[in-house]
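Okay, structure first, notes after.
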Amino acid sequence: MANSAEHVRQLITSPGSAASWTALRQAASEDPSAALELGHLMLQVSWSATQVTAPSSGSPEAETLLRHAASSRPDDAQAAILLATLLSLHCDQIEDITFGMRHRKRWESDSRRRADEACRLYQEALRTDPRSGAAASGLARLLHRHGGLVSPGAPSAADAAADALTITPGEPVALRVLGETSDGGGRSPERGFPKSPFDYFVLEVELIVSNSGESVPRCVVLRDLGQVAAFDTHGGDVANAVAHRYVNGTVVATHRESRLSGRSLGQVVAERYAGRATVPGSRPLPVGHPVLHKGEVLSYGVNGAWGATAAGGR
């Protein structure tokens with residue numbers, strides 16, 4: 001399909017689209033560009049497609065798609081950044097899953113492999129696009145959170161953060177890394193995470209985890225209005241969705257589903273902003289960029305999947 005990537009984008013962003021994941025997967029199988037689009041979508045909205053469940057248990061679907069895109073497009077910085085972001089998220093998940101676990105050697109080996117590869121991908125993205133703030137801040141965060149897992153020869157977290165600040169002065173992730181590395185890591189999230197210069201949405205939802213309707217609270221970090229529409233269509237079985245719109249790192253509006261009128265969160269947000277995919281003058285959050293929300297540092301896309309869907313991996 002010559003225009004399969006554009007076809008995927010249309011399916012993703014069409015409000016109320018009845019297109020199934022099967023149609024999206026078919027398009028992705030025919031074109032690495034479409035695989036990148038679908039892998040990006042899954043990184044945004046799908047807990048199951050991004051979840052590590054057990055060591056050597058096979059790759060989550062989003063990882064398979066993004067690997068296909070990155071290997072087919074070695075000079076595409078965004079493909080490398082998206083895959084590195086997912087692998088970094090996996091390291092976060094494994095750290096949480098194995099907390100307090102007595103026998104975790106296989107998990108640790110898996111985490112080291114993912115951290116090493118994420119580091120290499122971020123560095124490759126920076127060679128391809130030396131001005132990529134997302135790659136630079138992603139590398140700094142990875143080395144700060146999981147530097148002990150990366151093979152010798154990688155830069156220090158502080159050096160990576162300093163490099164990120166030369167690309168984007170005042171970059172909040174890099175400032176936080178420098179702050180925590182300089183004072184021994186004793187800062188709270190609020191003290192260590194400066195105000196962001198970017199715009200984004202944080203969605204708070206109840207993720208349904210059983211046939212009887214049991215749910216757990218989860219957060220989703222999205223870059224723009226188009227991604228809110230995509231989550232509304234493809235985000236899966238969620239309830240009580242609330243969207244907090246951030247401008248320059250500050251909450252300026254909160255939107256909720258309208259139960260009386262039957263309007264979904266995506267419909268409410270689309271009406272509020274006249275159906276636009278972006279807000280004029282906004283600075284969307286770079287791919288892979290963490291944010292601070294209510295005192296908690298969140299990753300781009302879906303957050304906290306393992307507690308709901310991979311408890312059996314403990």
Side chains of residues 79-86: which donor-acceptor partners sit under 3.5 Å, not counting sequence neighbours?
residue	atom	partner	partner atom	Å
Thr85	OG1	Ile81	O	2.7

Within-4.5 Å side-chain heavy-atom neighbours: [X] and [Y]:
X: His255; Y: Leu265; answer: yes
X: Val252; Y: Tyr246; answer: no
X: Leu285; Y: Val221; answer: yes
X: Pro197; Y: Pro172; answer: yes
X: Val302; Y: Thr50; answer: yes
X: Thr64; Y: His68; answer: no
X: Pro290; Y: Ser299; answer: no
X: Val173; Y: Leu175; answer: no

Could you tell me which non-hydrogen atom of [X] sits nearest to which non-hydrogen atom of [Y], and how far apart they are?
X: Cys219; Y: Leu298; answer: CB-CD1, 3.8 Å
X: Leu165; Y: Gly170; answer: CD2-N, 3.7 Å
X: Glu206; Y: Ser215; answer: OE1-OG, 3.0 Å
X: Ala239; Y: Ile208; answer: CB-CD1, 4.3 Å
X: Ala161; Y: Leu178; answer: CB-CG, 3.7 Å
X: Cys91; Y: Ala115; answer: SG-N, 3.7 Å

Distance-only polar pair, side chains of [X] and [Y], donor-acceptor under 3.5 Å:
X: Arg145; Y: Ser88; value: no
X: His234; Y: Gln44; value: no
X: His90; Y: Gln51; value: no

For [Y], does its backbone N or O pair with a side-chain atom of [X] as donor and acceptor, under 3.5 Å?
X: Thr166; Y: Asp163; value: yes
X: Ser29; Y: Gln26; value: yes
X: Thr168; Y: Glu171; value: no
X: Ser109; Y: Lys105; value: no
X: Gln93; Y: Val52; value: yes

Between Gln78 and Leu36, does a side-chain contact (heavy atoms from CB on, under 4.5 Å) hold up when you go through it step by step?
-> CA-CA 9 Å; Gln78 186 183 36; Leu36 179 65; 4.1 Å; yes

Anything under 3.5 Å between a donor and an acceptor, one on a side chain of residues 121-128, the other on a protein residue two or more places apart or in another chain? List them.
residue	atom	partner	partner atom	Å
Glu124	OE2	Arg120	NH1	2.8
Thr128	OG1	Glu124	O	3.1

Side-chain ion pair, [X] and [Y], N-O less than 4.0 Å:
X: Glu271; Y: Arg263; result: yes
X: Asp116; Y: Arg113; result: no
X: Glu63; Y: Arg114; result: yes
X: Arg112; Y: Glu108; result: no
X: Arg141; Y: Asp92; result: yes
X: Lys294; Y: Glu204; result: yes
X: Glu117; Y: Arg67; result: yes

Which value, rounded to the nearest 0.5 Å, describes the distance between [X] atom [atom1] and [Y] atom [atom2]?
X: Gln227; Y: Leu203; atom1: CD; atom2: CG; value: 10.5 Å
X: Ser137; Y: His289; atom1: OG; atom2: NE2; value: 4.5 Å
X: Asp199; Y: Leu225; atom1: CG; atom2: CG; value: 10.0 Å
X: Leu149; Y: Cys119; atom1: CG; atom2: SG; value: 11.0 Å
X: Leu38; Y: Ser33; atom1: CG; atom2: OG; value: 12.5 Å
X: Asp76; Y: Ser71; atom1: CG; atom2: OG; value: 11.5 Å

After noting the C-alpha distance and the side-chain angles of Tyr200 and His244, does the key distance pass the ring-ring contact (aromatic ring centres under 6.0 Å, His included) rule?
-> CA-CA 8 Å; Tyr200 49 90; His244 302 275; over 10 Å; no

I would like to know whether Val268 and Arg256 meet side-chain contact (heavy atoms from CB on, under 4.5 Å); could you show each step before the answer?
-> CA-CA 7 Å; Val268 169; Arg256 292 179 169 81; over 6 Å; no

Say whether Leu41 and Val238 are linked into one hydrophobic cluster, either directly or through other cluster members, by side-chain heavy-atom distances under 4.5 angstrom.
->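 Yes, because Leu41 and Val238 connect within a single hydrophobic cluster, where side-chain heavy atoms sit under 4.5 Å apart.
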
Common cluster, Val247/Tyr300, ILVMFWY with side-chain heavy-atom separation under 4.5 Å |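 No, because Val247 and Tyr300 fall into different hydrophobic clusters, even though each may have its own neighbours under 4.5 Å.
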
Between Asn303 and Arg218, is a side-chain contact (heavy atoms from CB on, under 4.5 Å) present by the stated rule, with each step listed?
-> CA-CA 6 Å; Asn303 284 261; Arg218 291 292 179 259; over 6 Å; no

For Glu95 and Trp107, what are the C-alpha separation, side-chain angles and deciding distance, and is it a side-chain contact (heavy atoms from CB on, under 4.5 Å)?
-> CA-CA 9 Å; Glu95 184 176 74; Trp107 279 109; over 6 Å; no

Looking at residues at least two apart in the chain, or sitting in another chain, which of them share a side-chain hydrogen bond (donor to acceptor under 3.5 Å, both in side chains) with Asp159?
->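 Here the qualifying residues are Ser156.
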
